[in-house]
Amino acid sequence: MTNCHRPLTFTLLGLCLASGVLAGELTSRMELSLDRVRHGGPPAYSDDFVLADAVPQHVRRFTEFSGDVSGRYLGALATVAQFSGQAFPELDRVAVKLLPLQKADGHFGDPFTTNGVANSDMALLWGNGRLLIGLLEYHRLKPTPEVLDCARRLGDCFVHLGPRFNDPAIMEKFSGDQVAVGYICWTQIIEGLVALNRATSDEKYLRLAEQIATNTHRYPKEHSHGFVSALRGVLDLYRTTRDEKWLKKVEAEWDGILASGNLLPQGALPEIFKPMIANDEGCAEADWLRLNLGLWSETRNPRYLDNAELTLFNEFFFNQFHTGDFGHHLLTAEGIDNWSARAWWCCTLHGLRAFPDVFHAAFHAEPARLCYDLPVDGQGAIVGLALQADSTLAQDSSSTMRVTQADEGEHTLRLRQPGWASNLELKLNGQPLVGVAQAGAVEVRRRWQVGDKLVVQYQLRTRLLPHPEDGSRVAILRGPWFLGINIQNAPNFFDEPSENARVLLPALDATGDLPLKPAAVEGSEPARFAAPVAYLALPYRPGGYPIQPQTVVLRPLANQTAVADATRWALWFRPAK
Ligand SMILES: [Zn+2]
């Protein structure tokens with residue numbers, strides 16, 4: 001057992017697992033959000049503050065979404081506890097205090113109306129749906145008859161309400177521009193119902209989940225977090241029933257999101273689908289990330305892994321505030337405007353909830369090989385071989401793997417070569433090692449020894465991306481990162497009239513890459529949550545004084561976590577003719 005204490009400073013971060021300590025960017029980012037939820041603020045997640053929506057006691061915003069914060073809090077902390085082996089006493093405390101707040105009919109909060117369906121009913125459904133999955137995630141960590149009985153009574157309440165909310169007239173009525181109180185308040189319950197079926201083997205919860213899944217559809221101005229949560233539920237339905245129609249439905253809706261232009265190039269889903277795109281939402285980004293990881297796990301279609309990675313290294317990391325919160329940022333044609341909101345009432349908790357899923361997706365096991373998929377921290381094992389990866393991709397474009405268990409046999413390690421890497425350079429115990437090139441991967445087969453250290457160096461490509469709708473603008477990517485210019489680090493780039501600034505791009509090289517030079521940054525810039533390995537020097541002509549060309553440093557959008565809230569970013573540039 002590792003001797004593991006809560007670190008006093010973030011420079012000593014590590015995630016204590018049964019078999020070792022993880023250290024790397026993903027670990028630091030999860031610790032940042034975990035620390036925010038447990039010890040940060042304002043507002044602080046005190047027991048009373050969390051439970052106010054379950055009482056309900058209308059002492060903070062959004063308590064009418066009864067069970068929303070309570071459920072997310074239980075689910076996020078329970079899932080992190082399960083993954084990391086840490087114990088959170090406040091989690092058990094909140095669960096104990098929650099149970100007596102349940103109403104006689106099984107729900108939490110103010111009463112449902114008895115006539116028709118009002119917006120307040122949809123808000124109640126939303127919060128109680130989040131609470132059902134949160135309760136069951138807590139029950140997975142600490143199974144007790146009391147918690148399961150509470151979840152069952154809440155599930156029974158949904159079964160009782162089923163005919164009322166499955167009514168096609170209600171579906172139509174709430175599939176307009178109701179956004180947070182739209183029909184998604186009903187469809188997002190699927191994942192909780194499937195989890196309740198798993199915990200109880202009671203088929204009635206699965207039947208209701210199937211009815212709701214049939215009624216799940218994408219429409220304009222829909223709340224993306226609700227819709228993608230519903231899709232995650234439908235994917236869970238497939239995992240439980242193995243009925244292909246549910247997987248086909250999720251994949252068709254995934255295609256529809258992309259075809260409708262609702263996935264922005266930096267891997268962001270807008271809070272509200274077209275034509276209402278205005279800002280991002282940490283919850284939607286976390287859902288999209290988890291949905292893609294789930295689809296990758298079920299299908300091994302690389303498009304899902306590529307999209308999960310795009311969102312992770314760009315929108316998801318960007319969305320995380322330096323406080324550890326997640327939330328909203330204003331999207332513009334240029335990039336990101338100078339407004340943001342830390343959404344403690346949903347995104348902060350839902351963002352934290354996503355991290356364990358990412359750690360679990362670092363590796364996957366196949367019968368004949370262990371595969372390292374995402375260049376992040378994580379652990380992977382097959383019979384006869386176990387590895388731990390610690391990623392320093394943002395610092396030196398590498399990930400280091402250590403063998404923690406090995407038997408006498410030969411085993412194959414498959415290292416994914418992403419489209420953003422031109423080559424993988426390997427060093428085993430300090431000596432160069434040549435792997436066997438495969439389609440989109442490099443494989444190493446050998447008799448591994450405990451303690452072997454394999455360093456995988458990703459050769460980063462620099463790519464130009466035309467704007468999907470505006471032919472006058474381009475974006476620049478290095479490795480997995482979307483690059484931009486922010487007003488805190490480079491105020492002069494935004495000198496007026498900044499819309500007239502023109503970037504001076506070199507011609508593409510023979511491989512189609514953009515040969516911009518790396519940029520070193522002098523001085524006291526923080527390294528934490530920055531990705532200096534991707535910094536590039538970009539020459540440009542300022543809009544107001546083109547006679548004096550300048551050079552600016554391009555930084556990954558993910559650097560937002562290292563700068564102030566509401567920092568303006570330019571991501572889409574106009575090249576000089
Ligand atoms: Zn949110």
Side-chain angles (χ1 to χ4, degrees), residues 29-30 32-34 36-37 40-41 43 45 49-50 52-53 60-77 79-80 122-123 125-131 133-134 137 178-182 184-185 187-189 191-192 221-233 257 262-264 267-273 276-291 311-312 315-321 323-331 336 339-355 357 560-561 565-566:
R29 283 182 177 273
M30 186 173 86
L32 179 71
S33 288
L34 180 62
R36 158 66 187 98
V37 169
Y45 291 107
F49 188 86
V50 168
D53 58 30
R60 57 164 168 81
R61 55 181 329 201
F62 300 139
T63 45
E64 71 275 27
F65 292 80
S66 291
D68 197 0
V69 168
S70 312
R72 292 175 194 269
Y73 180 87
L74 290 177
L77 284 185
T79 309
V80 173
M122 300 313 278
L125 284 180
W126 175 271
N128 278 277
R130 293 295 89 207
L131 184 52
I133 186 64
E137 286 169 339
Q178 293 92 346
V179 186
V181 290
I184 47 96
C185 295
T187 60
Q188 54 89 30
I189 292 170
E191 66 170 326
K221 303 184 196 171
E222 190 170 16
H223 187 231
S224 62
H225 165 33
F227 179 60
V228 182
S229 284
L231 292 186
R232 289 192 298 97
I257 288 172
N262 275 305
L263 178 68
L264 305 182
L269 280 189
E271 179 182 17
I272 306 172
F273 283 150
M276 288 284 286
I277 291 179
N279 53 263
D280 64 353
E281 179 178 0
C283 293
E285 321 312 342
D287 282 326
W288 181 249
L289 176 57
R290 290 172 63 195
L291 178 70
T311 295
L312 177 69
E315 171 60 28
F316 185 72
F317 284 172
F318 160 79
N319 193 282
Q320 189 180 27
F321 290 71
T323 54
D325 290 282
F326 286 81
H328 299 287
H329 308 78
L330 201 57
L331 305 166
I336 313 295
W339 173 87
S340 66
R342 304 177 198 171
W344 52 262
W345 54 89
C346 55
C347 303
T348 300
L349 297 163
H350 210 60
L352 175 61
R353 171 62 187 82
F355 280 99
D357 289 29
Q560 174 57 45
T561 312
D565 293 11

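Note that ligands are numbered from 1 as they come in the structure, with each ligand's atoms numbered from 1 the same way.
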**Q.** N/O/S atom name from Glu281 that is nearest to the position of the Zn ion (ligand 1)
**A.** OE2
Are any N, O or S atoms from [X] nearer to the Zn ion (ligand 1) than 2.8 Å?
X	answer
Glu271	no
Cys283	yes
His328	no
Cys347	yes

Q: Using the side chain to side chain donor-acceptor pair (under 3.5 Å) rule, take Gln188 and His225 through it: C-alpha gap first, then chi angles, then the decisive distance, then the call.
A: CA-CA 9 Å; Gln188 54 89 30; His225 165 33; over 6 Å; no
Q.
I'd like to know whether Ser70 forms a side chain to side chain donor-acceptor pair (under 3.5 Å) with Asp53, so could you lay out the CA-CA distance, the side-chain angles of the two residues, the decisive distance to 0.1 Å, and finally the verdict.
A. CA-CA 7 Å; Ser70 312; Asp53 58 30; 2.5 Å; yes
Q. With a cut-off of under 6.0 Å to the ring centre and 45° to the axis, is Arg29 in cation-pi contact with Phe317?
A. yes
Q. Between His329 and Phe318, how do the two ring planes meet: parallel, tilted or perpendicular, split at 30° and 60°?
A. tilted
Q.
Students often mix this up, so state it plainly: with edges at 30° and 60°, are the rings of Trp344 and Phe49 parallel, tilted or perpendicular?
A. tilted
